[in-house]
Every structure is written in C-alpha cells, then in structure tokens.
Amino acid sequence: MLAIGALLGSALIAVPVAAHATTTPASTAQTVAAAAAGLDDPAKKEIAMKIVSSAENSSLDWKAQYKYIEDIDDGRGYTAGIIGFCSGTGDMLDLVEHYTQIKPGNVLAKYLPALRRVDGSDSHAGLDPNFTKDWAKAAQDADFRKAQDHERDRVYFNPAVNQGKADGVGVLGQFMYYDAIVMHGDGGDSTSFRNIRKRALSKAKPPSQGGNETTYLNAFLDARVWAMKQEEAHSDTSRVDTAQRVFLKKGNLNLNTPLDWKVYGDSFHIG
C-alpha cells in the first residue's frame, strides 16, 4: 500500500519516558501492566494481522499471503505480500532492496532496475511476464518472508503502535492507526495517516491530552472514512463500519477476544 518511509519518523511523537518508580498497590500495578500491553504484544499482533488480512485478502490466514501478488487495478501497479506492498508506491522497491541486502542474487534482485523505473506509476514495464511467478518462488524462501516481516514492522506496524502509545490510546486505537497507515501510507497528501490523525485532532483530544479515548477514536474513524471516500478504490468503508466501529461501540478498547466482524460482506470470527 502507500508508503513514504522517509517521512514517517518526523511525524511520530516520542513516547514519554515513564516517571521514576514508586510503590503502588498490586491491583494498580496490574492495571498499569495491562495498559502497557499494546498491539506489539505477540498475541495482539497476531490478532491485528488476521483482521488486516480479512480486509486485504478475505482470509484470516495472513501467513498464506507472502506469495500473494496481483494488479487490483487501483493505479498502484502490482499489490503483493502480507501487507499489500505495491510496485507503484515505493514500498515494494524498498522490500526487494532489503531482501537483496540480506540475500544477494535472489530471484527478485534482477527486477530492481524495473521497480525503480515503475515507482510512482501503475506500469508493469520490465516486470512482466515472469515477475509474479518469481515473487511466488521467492515466498518459499524464509529470508524473503523475514524481509516482508521486517518492512511491515519498519514502515507500518511500529510507527502506528508508537504513535498510538504516544497519543495514549489502547490496543484498539493502535490497531486503527495500523490499519489506516497500511491503506493510506504516511505521505504528505490529505488522505495520508498523519493527516487523518490531524483531522481527528481538530475534532477531539486524545487521552494523552486529557481527552476521552472513545470520543477521540470515533473522531479518528470519522476522519478515516472521509479519507477512504476520497478514492474510488477505497470507497467501501466496511473495514471501518462493520469491524473497527463495532469493536469501539462494544467498548472493546483492548481488542479482547472473542471478536466478530464483517468486511465487504464476509463474516469473520476469532475465538
């Protein structure tokens, strides 16, 4: 999906350093520990990957998507892998460059010149006819799967979680940030993650500024829906309306299971 990695760092607010430790009752300590368990908790991250996969691939089996590749006619060229890396938006190029750094001479390395040329367009020039076959072949390599994980975390997951923690939102809010940055990237355009967040901040304060978490997250989802409707390829807002908004209405700010939701009319469940 859209990604302008170089811009990410500047948009993120550092997570405040915790104050010096004081003696607290066990119940308070447990509450603090629970709050500290963010979307980066392994069990929560697994849930996040499944929910995103339900929207991106109509399946909870996100690990089956390393080999996925097709042109979905959204103007971004080929969309591929576990997070929808695109040949037209730079993140697929970054991925293949990283893969080639850790494994020179891999089956995709020969496409780097073409990926650099088609960046910013929907062109397949220099990629067809064998790029999709070679992508699937690369997906059998543990190093390529590891490279996809690395770029997902570097460009999308970690920035979203860090910003969510800085804003004082819990696991659900961090997931909302993650899903938004996966779809919209974090560039300078009006529909990017940073500007969705900015639109939300103009309507409500986040918990880090003393605001109500549910009120703020509703404002964020309103801004997200607006951004989605600006582009025909993203105009179906069910991944917000019948998924994230459902969790929020139920007050499930920690994204606890069981979870039931719908995306594009399909029903999903995590027990």
Take atom NZ of Lys110 as the centre, draw a 6.0 Å sphere, and report whether it contains more than 12 heavy atoms from other residues, nucleotides or ligands.
-> yes
Any donor and acceptor pair, going by atom type alone, linking the side chain of Asp122 with main-chain N or O of Asp73 inside 3.5 Å?
-> no
Kindly indicate whether the side chain of Val225, heavy atoms from C-beta on, has any atom under 4.5 Å from the side chain of Asp241.
-> yes
Indicate the atoms forming the closest heavy-atom contact of Trp226 with Ser190, along with that distance.
-> CZ3-O, 3.8 Å
salt_bridge(Asp153, Lys45) N-O dist < 4.0 Å = yes
Would you say the side chain of Trp135 lies within less than 4.5 Å of the side chain of Leu108, judging by non-hydrogen atoms?
-> yes
Whether Gln163 side chain and Tyr177 backbone form a donor-acceptor pair below 3.5 Å | no
For the side chain of Asn106 and the backbone of Ala109, is there at least one donor-acceptor N/O pair under 3.5 Å apart?
-> yes
Between Lys44 (side chain) and Asn254 (backbone), is there a donor-acceptor pair under 3.5 Å?
-> yes
Please determine, by modelled atom types, if Asn57 and Ser59 share a side-chain donor-acceptor pair under 3.5 angstrom.
-> no
Hey, does Arg199 have a side-chain heavy atom less than 4.5 Å from the side chain of Ile196?
-> no
For the residue pair Leu259 and Ile51, establish whether any side-chain heavy-atom pair is separated by less than 4.5 Å.
-> yes
Establish, for the pair Lys50 and Phe268, whether the NZ or CZ atom is under 6.0 angstrom from the six-membered ring centre and no further than 45 degrees off its axis.
-> no
Does the Asp91 side chain pair with the main chain of Cys86, one donor and one acceptor, at a distance under 3.5 Å?
-> yes
Do side-chain atoms of Arg76 reach the backbone of Ser87 as a donor and acceptor pair under 3.5 angstrom?
-> no
Backbone of Val263 reached by a side-chain donor or acceptor of Arg239 within 3.5 Å = no
Does the salt bridge (Lys or Arg N to Asp or Glu O under 4.0 Å) test come out yes or no for Arg152 and Glu56, once each step is laid out?
-> CA-CA 14 Å; Arg152 171 202 63 202; Glu56 297 287 321; over 6 Å; no
Output for pair (Thr79 OG1, Tyr68 OH), nearest 0.5 Å, gives 5.5 Å
Donor-acceptor contact present, side-chain Gln230 to main-chain Thr191, <3.5 Å = no
Describe, in one word, how the ring planes of Tyr66 and Trp62 are oriented to each other, choosing from parallel (under 30°), tilted (30 to 60°) and perpendicular (over 60°).
-> tilted
Can a salt bridge be assigned to the pair Asp222 and Arg245 using a cut-off of 4.0 Å between side-chain N and carboxylate O?
-> yes
Compare every heavy atom of Tyr78 with every heavy atom of Met92, then report the nearest pair and how far apart it is.
-> CE-O, 3.6 Å
Where do Asp119 and Arg116 land on the salt bridge (Lys or Arg N to Asp or Glu O under 4.0 Å) test, with the steps shown first?
-> CA-CA 5 Å; Asp119 187 17; Arg116 294 185 182 109; over 6 Å; no
Quick one: are Arg224 and Met176 in side-chain contact, heavy atoms under 4.5 Å?
-> no
